[in-house]
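Step one of this worksheet: look at the structure below.
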Amino acid sequence: MYAEVLISINTLINFSLLSFSNKMGSFHQKSWRLWLSAFLGGFCIVLFGGGFLSIVATFVFMMTIAFGLNRSNWLLAAGNTLIAALFAGGLLTFIQPMLANASWYVIIVVAGSALIFSLFGIRKNWFRINLTAIKDSYMGQVTIRLFNQEFQLTSYSDTGNLCIEPLSGNPVHFISAEKMKSFIPLDLWQYLHAFEGDSTEPFQEIPLLFRSQLRLIRLQTVQDQSTWAIGIKVDHIQLKTTKEKVLAPCYVVLTKNSKHFPRQSDVILHASTLFS
């Protein structure tokens with residue numbers, strides 16, 4: 001009976017560690033494979049003892065059963081599992097004195113629950129921290145020179161913005177109309193603000209002075225509806241995140257409703273700015 005209890009406890013711990021590694025590495029391995037690996041690992045430890053060579057051999061065996069022979073996957077899974085094991089070892093050492101007089105099934109329930117919920121908390125917090133870091137890396141400051149004026153706005157590089165001006169292939173950035181109001185000549189501002197995008201006919205009414213700088217751009221909305229927008233050609237635009245870089249010539253489209261721009265930014269940059 002004692003051996004069965006040890007195998008059960010080891011299997012539960014192994015499965016928690018393997019599940020953690022599976023989620024952290026996004027391997028999407030099936031649960032039965034993780035349970036099989038966990039059980040065989042627990043059985044081997046009880047059968048061959050807890051010597052160093054036995055532990056190493058069992059660990060390699062478990063990783064191979066759970067995650068296969070792909071080298072990169074194996075190393076990533078092994079790293080994740082070792083990190084979880086170090087944490088789990090410390091946690092179980094901490095709660096062990098509290099369970100000194102408890103029955104074996106109470107130990108399994110309490111230790112297993114503590115381990116599962118703590119590893120879940122680590123994973124959730126890890127993703128939250130890294131997601132925040134990724135989002136922060138998308139934020140920046142853009143300096144735009146337009147109509148003989150230079151101004152600086154906060155920007156967000158959006159992976160969902162793949163819009164280009166069809167003739168030149170230049171990227172299209174979206175900018176808060178309210179932020180641009182003071183930088184655009186009054187007659188052009190009035191025209192752009194009045195343009196609704198239902199048809200292309202109003203495009204013929206562009207003030208003659210600005211005609212060479214404007215292009216008609218077709219946009220696809222989230223609801224798969226087409227609308228028209230007017231892009232303003234920009235030759236000089238510079239982005240500063242962790243470093244400064246000059247972006248390719250582009251077009252900017254004024255957005256009247258910019259309240260939903262990510263992270264209260266003023267400009268949504270084209271996805272290509274992440275790789276330029």
Side-chain angles (χ1 to χ4, degrees), residues 135-222 225-276:
K135 287 184 175 179
D136 286 342
S137 71
Y138 290 179
M139 295 294 295
Q141 296 281 332
V142 287
T143 302
I144 301 175
R145 187 178 300 145
L146 188 63
F147 301 121
N148 298 319
Q149 299 182 77
E150 192 168 271
F151 49 93
Q152 191 175 76
L153 300 171
T154 59
S155 66
Y156 182 85
S157 296
D158 190 353
T159 55
N161 177 18
L162 302 174
C163 184
I164 60 171
E165 195 279 318
L167 295 179
S168 64
N170 289 343
V172 175
H173 310 304
F174 296 87
I175 188 167
S176 168
E178 202 58 37
K179 294 290 184 179
M180 289 285 288
K181 185 175 182 179
S182 59
F183 301 106
I184 295 180
L186 182 59
D187 50 348
L188 178 58
W189 167 261
Q190 290 174 341
Y191 168 75
L192 293 174
H193 197 263
F195 186 83
E196 294 296 335
D198 299 330
S199 68
T200 60
E201 290 183 9
F203 189 68
Q204 310 304 322
E205 303 170 8
I206 295 175
L208 186 61
L209 181 62
F210 309 105
R211 192 161 292 179
S212 62
Q213 289 182 263
L214 305 183
R215 293 289 186 277
L216 195 61
I217 299 172
R218 190 171 186 174
L219 305 178
Q220 197 78 16
T221 65
V222 178
Q225 296 176 335
S226 292
T227 186
W228 295 96
I230 296 177
I232 307 172
K233 187 177 181 182
V234 176
D235 291 320
H236 178 86
I237 179 169
Q238 192 166 358
L239 172 63
K240 181 179 181 181
T241 50
T242 54
K243 59 182 181 180
E244 289 191 27
K245 53 185 175 183
V246 177
L247 301 182
C250 62
Y251 286 84
V252 296
V253 169
L254 303 190
T255 304
K256 296 177 184 177
N257 184 13
S258 58
K259 293 180 180 179
H260 302 295
F261 277 12
R263 310 194 72 159
Q264 291 79 50
S265 56
D266 304 319
V267 185
I268 295 181
L269 296 176
H270 190 270
S272 61
T273 58
L274 291 168
F275 311 104
S276 59

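For clarity, every value in this text was computed on a predicted model and none was experimentally measured.
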Should [X] and [Y] count as side-chain neighbours, where that means a heavy-atom distance under 4.5 Å?
{"X": "I175", "Y": "L254", "value": "yes"}
{"X": "D187", "Y": "F210", "value": "yes"}
{"X": "F147", "Y": "I184", "value": "yes"}
{"X": "T255", "Y": "I268", "value": "no"}

Is atom CD of Q149 surrounded by more than 12 heavy atoms (other residues, nucleotides or ligands) closer than 6.0 Å? yes
Surrounding NZ of K240 (heavy atoms of other residues, nucleotides or ligands, distance under 6.0 Å), is the total greater than 12? no
Is the side chain of K233 donor-acceptor paired with the backbone N or O of R215 at a distance under 3.5 Å, no angle test? no
Under a 3.5 Å distance rule, please check whether S265 uses its side chain to pair with a backbone N or O of T154 as donor and acceptor. no
Who passes side chain to side chain contact (heavy atoms under 4.5 Å, CB included) against Q238, sequence neighbours left out? T143, H236, E244, V246
Heavy atoms only: give me the nearest I217-Y251 pair and the separation to one decimal. CD1-CB, 4.2 Å
Shortest non-hydrogen separation from V253 to A229 and the atoms involved: CG1-CB, 3.7 Å
Between F151 and F183, what is the ring plane arrangement, given parallel below 30°, perpendicular above 60°, and tilted in between? parallel
Please report the C-alpha distance between V142 and T273 in whole Å, then the side-chain angles of each, then the deciding distance to 0.1 Å, and finally whether the side-chain contact (heavy atoms from CB on, under 4.5 Å) criterion is met. CA-CA 11 Å; V142 287; T273 58; over 6 Å; no
Could you grab the distance from atom CD of E178 to atom NE2 of H193, nearest 0.5 Å is fine? 7.0 Å
How long is the gap from CH2 on W228 to CZ on R218, to the nearest 0.5 Å? 5.0 Å
Quick one: side chains of residues 160-174, donor-acceptor pairs under 3.5 Å with protein atoms, not counting sequence neighbours, listed by atom name and distance.
unit_1	atom_1	unit_2	atom_2	d
N161	OD1	C163	N	3.2
N161	ND2	V172	O	3.0
N161	ND2	L269	O	3.4
E165	OE1	L167	N	3.3
E165	OE1	S168	N	2.7
E165	OE1	S168	OG	2.7
E165	OE2	L167	N	3.3
S168	OG	N170	N	3.2
S168	OG	N170	ND2	3.3
H173	ND1	H270	N	2.9

For the side-chain contact (heavy atoms from CB on, under 4.5 Å) test, which of D235, I237, I232 pairs with L146? I232
